[in-house]
Amino acid sequence: MNAPIRYAEALLTGMLGTFGLDIEYVRAEKNSLYYLDDAGTEVPVLDLVGGWGSLMLGHNHPEIVAYAKELLDTGWPVHSQHSSHPVADRVGAVLNDILGREFPGAEPYPIIFANTGAEAVEAAVKHCEFDRVLRMKSLFEQIEWHADVALNAVRDGAAALPDDTSLLPGDVPVPTTVEEFAALLGAVAAHNVARAGTTPVFFALERAFHGKLVGSTQFTYNPLFRAAFASLGPTVQFVSPTDATAFEKVVSEQRVRVLDVQVVDGRVTLVERDFPVVAGLIVEPIQGEGGIHELTAEFAAHIRRICDEIECPIVVDEIQTGMGRTGKFFASSHIGLLGDYYVLGKSLGGGVGKTSAMLVRQSRYRPEFELVHSSTFAKDGFSTAIALRTLELLEAEDGAAYDRAAERGERILGMLRELAEEFPDVVADVRGRGLLIGLDFADQSQASSPIIREKARAGLLVFQLGSYLQLAHRIRTGPTASVPTMLRIEPSIQISDEEIDQLRTGLTQVCRILRNQDASTLIHPLTGAGRPARAEIEDFRPAAGDAVAPAEPAGRRVGLVSYPLTPDMLREFDPSLADLDDGRLLAYARRSELLKDLPALAPVRFDSPQGTSVDLTVYPLLVTQQQLREYQVSGQTFLIGLDLDRRVRAAKADGCDTVGLGFGLGAVSGHGRALRVPGIAVTAGSALAVGSALAAVRHAAVERFGGLGGSTMAVVGAGGRIGSAIAALGAREVARIVLVGSGRPGSVERLRATEHWIYQESWARIAAGGELTGIAAALAAEPLVTGWLADGRSGDEPSGEAIAAYLADARGTDPLVVVADDLLSVRNAHVVFTAHSSPVSVLDEKYLADGAIIGDLSFFGTGAESAAAASRDDLHYVRAGVLSVSGGGILPAGLSVSPGADELPAGAAEAITLALSGGGSMGDGAITRERVDAIVELAKQHGFETVFS
């Protein structure tokens, strides 16, 4: 919570920090990045991310760096827009030579420069639409010309009137005069104008990734990147990357026709012409972010034929696959797919320049596009010159770089295939060509290790595996954008045999970890400095006979949202963590702060003596008590509310109709009232907590004082919901109450409200008649009250504030209820309840009377004030709000606030009680005596009893 404020992608950097990937690198060369350790020593990391494919030649290639320095040292113009750029022409010439070599007979391709790959995609899409509009304009000009020719021919008697108007919609009669024919031509024009407004359609492939700009994101298949912006860009339909017949069908469904007139054999005839509604198809020859899937030559040939038939241009996205990464400059040349457009980027800048390019087939190129499309930084002198030097290096020695990419890639692929044979249960597939490779792991969403299972279900397992490789083996890998089980390997051609062996070692360990479900080894690098407690990966897979057949589900399901997290809970959660001490487990939890959700625990069955049963599912959150305290101190408890809302919704999705909030979470959620999840009842256990706390303290008082009668009770946190209820209900038994607040703004007002509630409730008892005890008994003798009785005043009439004012005026100091912010005011109390929301314990032995009873209901779970009692033998400490259960179900020990194996916190007990009784809640109004008595009695019926400690 005290980290410096981040301004640049703070959330993303925080997420990287969760996995220990927020490393600041200070130097780079070839396939290595370097960071500084605590001693200031450079530490190398094998970089297999490769700038997301932009480092075909490696980090800081010496010849490119030297050339860049030369350009800058000589004052080479970076920005000289609206001038001649012969270097840009040379880049275009080299790319055209390569196209001619890999696609013999290809026509020339003019070039448009951009800054990034996504911008090159935008330029291609923009040109496609520009070309479509001009084709549409040309088509309508032709139709207009044909109509004029036909009308003149009819007037001159050179052509007969049409005898068939069936192509026109509606009932358009066959014309018999020149005037009627002119009207028919008007109907044709109107028909065509209506078609002219048809929205253009683009096609892209399922699994595609083409960028994240407003336009390019429309062509990216993953809804995570696209859905929120769907209304901003062009209409894109996604088609199968393996079934060209399906593409052909979809294309035919999009076909739109307009009408034309022609003079055929001396007669005017209506004919249909295809309207250019399809603007383009964009494809990646190898879908990188989509999971390293290569298109087949058969698919490529089929879509090429279809697109030629309908004049649909094909845009080939070689941003990641081009520049020789797959063993040829254009990956599309492997499958014989010649595009109408090519887009290049990433490695075109040689790892130093930021540049990209779009190439358009000459016969489709629209030169006037150059007048409506430009970019300040595109085709700048520096980046274009770097691109030319990069191409020269790639083409050197008859393209030796391409051969090396193919050879290095095949060596890595061979190693990965051997790994897949050794670990067929862990490695699902190995895919790729050249140095664009993916290692696809088997699904771990049903893993026996909860840590591994949680990361898999959250789509973050590859990040966790990458974290381990980075921190334990100094290997930097990356995910793919749309396949959460795939590790992407995309090094430069500089990768050595030793580095490939380093990768083999790291991945072998990863496979062993996943096979053996050893989460401790996986997360150990995230737990702090130091060597692992054990050197070997251990086997934590369940034995064959350990599998337990799932029980038939109970009639109802109830959820419990639980935190703070404790080390014991984590150890019980995943047995492989047993060798990690408390400090390291808490360090892991703190690092994982942004990933608060852990998988729901296995349901626990609770059977009621009344014959009903429920299954309780615990939804833990990966947040420690210390983190909760920091939220409290910083005033950011609303973030906890967001966590609670998310987990309550998860419980609802799992079929729960009642959810309890454990460990005092009611204090940060309006006791469940702030959670607005329809169709589910939320309880913080407040009523049962109050009832069981009073019962436990009353039991202790009987043993120590003979009862609460005549005693003074102090409530620390009396302005809160639970504290005020304890004060109001405790007033029935004690002679005097001390209400203690926090001293924060509004504290006094809240305490006064509790005071007025106590007096209101006391007056209602007096007015009702009968035997009086506690505050009401003392109050009954006051002249004000006797006067009200004589006047027949109603017990419902607002009276609490008037009584408080009367006592303060008549006595100077209220003898019955004391309102204070000073903890010293509890010094004479026989019983002290703590129901505060302080992030730390507040009681000290100096505040407590001899032989006092402490009833602990503090915010961060019972036990927060136990230190004060431990310092003096005469004090009696009561774990308030804890109940025992006789119905068979026991919460995991790490989730219980008490040491007893058969004990539950009130939040859990009340939720289970309500579910056993048919669901619903106790309402969100004041915690009245009636509500408390009702839930306590209901809990007893279902086997819950207050714990007396």
Side-chain angles (χ1 to χ4, degrees), residues 690 694 697 701 705 708-768 772-791 793 795-836 842 847-849 852-853 855 926-929:
V690 169
L694 286 169
V697 169
F705 316 128
L708 289 173
S711 66
T712 295
M713 182 176 78
V715 181
V716 180
R721 177 177 168 83
I722 290 180
S724 61
I726 287 175
L729 301 186
R732 290 187 171 227
E733 302 177 64
V734 300
R736 186 169 180 264
I737 293 182
V738 179
L739 307 177
V740 183
S742 63
R744 295 193 296 267
S747 172
V748 172
E749 289 76 7
R750 290 189 292 272
L751 294 178
R752 290 297 178 193
T754 301
E755 176 192 25
H756 299 161
W757 181 11
I758 292 171
Y759 285 137
Q760 182 68 48
E761 203 265 353
S762 298
W763 163 245
R765 292 178 60 207
I766 294 169
L772 298 175
T773 56
I775 299 293
L779 194 60
E782 293 293 333
L784 175 68
V785 173
T786 57
W788 284 353
L789 287 172
D791 294 339
R793 185 184 179 96
D796 295 335
E797 189 170 342
S799 306
E801 186 173 358
I803 293 172
Y806 161 79
L807 290 174
D809 182 61
R811 301 294 184 88
T813 300
D814 191 329
L816 304 179
V817 179
V818 177
V819 171
D821 282 334
D822 184 359
L823 282 170
L824 287 173
S825 62
V826 310
R827 186 66 180 82
N828 295 320
H830 304 90
V831 172
V832 179
F833 278 97
T834 59
H836 58 75
V842 300
Y847 300 135
L848 301 169
I853 298 171
I927 305 176
T928 64
R929 168 68 65 180

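What you see below is based on every heavy atom in this structure, not just the backbone, and it leaves out hydrogens, waters and symmetry mates. Residues: numbered from 1 along the sequence shown.
With a 4.5 Å cut-off on side-chain heavy atoms, Ile766 and Trp788 do not count as touching. In this structure the side chain of Leu824 reaches within 4.5 angstrom of the side chain of Tyr847, judged on heavy atoms. Residues Leu751 and Asp821 are in side-chain contact: their nearest non-hydrogen atoms beyond the backbone lie under 4.5 Å apart. Two residues are said to be in side-chain contact when any heavy atoms from C-beta on lie closer than 4.5 Å; Leu789 and Trp763 meet this criterion.
Residues Ala767 and Gly795 approach most closely at CB-CA, 3.6 Å, considering heavy atoms. Shown here for Val697 and Gly855, the closest heavy-atom pair between the two residues is CG2-CA, 3.9 Å. Scanning both residues, Gly723 and Val715, for their nearest heavy atoms gives O-CG1, 3.5 Å. For the pair Ala852 and Ala829, the tightest heavy-atom approach, listed with the atom from each and the gap, is CB-O, 3.9 Å. Between Thr754 and Ala718, the closest heavy-atom pair is OG1-O, 2.7 Å. Taking both residues in full, the closest heavy atoms of Leu772 and Arg765 are given as CD2-O, 3.8 Å, listed atom of the first, atom of the second, then distance.
Separating the CG atom in Leu848 from the CD1 atom in Ile853 is a distance of 12.0 Å, to the nearest 0.5 Å. Annotation: the span from Leu784 atom CG to Leu779 atom CG amounts to 8.0 Å, rounded to 0.5 Å. Rounding to the nearest 0.5 Å gives a distance of 11.0 Å between CD1 of Ile722 and OG1 of Thr834. Separating the CZ atom in Arg811 from the CG atom in Leu816 is a distance of 7.5 Å, to the nearest 0.5 Å. Taking CG from Asp814 and CG from Asp809, the interatomic distance works out to 12.0 Å, rounded to the nearest 0.5 Å. Interatomic distance, CD1 of Ile927 versus OG of Ser724, reported as 6.5 Å (0.5 Å rounding).
Side-chain atoms of Asp822 do not come within 3.5 Å of backbone N or O of Ser825 as any donor-acceptor pair. The main-chain N or O of Ser799 is found under 3.5 Å from a side-chain atom of Gln760 such that the two form a donor-acceptor pair. Not a single donor-acceptor pair under 3.5 Å links the side chain of Asp791 to the backbone N or O of Arg793. The closest donor-acceptor contact from the side chain of Thr773 to the backbone of Arg732 lies under 3.5 Å.
Enclosure of atom CD in Glu797 by more than 12 non-hydrogen atoms of other residues, nucleotides or ligands within 6.0 angstrom is indicated. At most 12 heavy atoms of other shown residues, nucleotides or ligands fall within 6.0 angstrom of atom CG in Asn828.
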Subject >> Working for side chain to side chain contact (heavy atoms under 4.5 Å, CB included), residues Val734 and Val831 >> reply: CA-CA 10 Å; Val734 300; Val831 172; over 6 Å; no
**OP:** Could you please spell out the steps behind the side chain to side chain contact (heavy atoms under 4.5 Å, CB included) verdict for Leu708 and Leu694?
**Re:** CA-CA 10 Å; Leu708 289 173; Leu694 286 169; 5.8 Å; no
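For the salt bridge (Lys or Arg N to Asp or Glu O under 4.0 Å) test, no residue two or more places apart in sequence or in another chain qualifies with Arg750.
Under a 4.0 Å N-O distance rule, the pair Arg752/Glu755 qualifies as a salt bridge.
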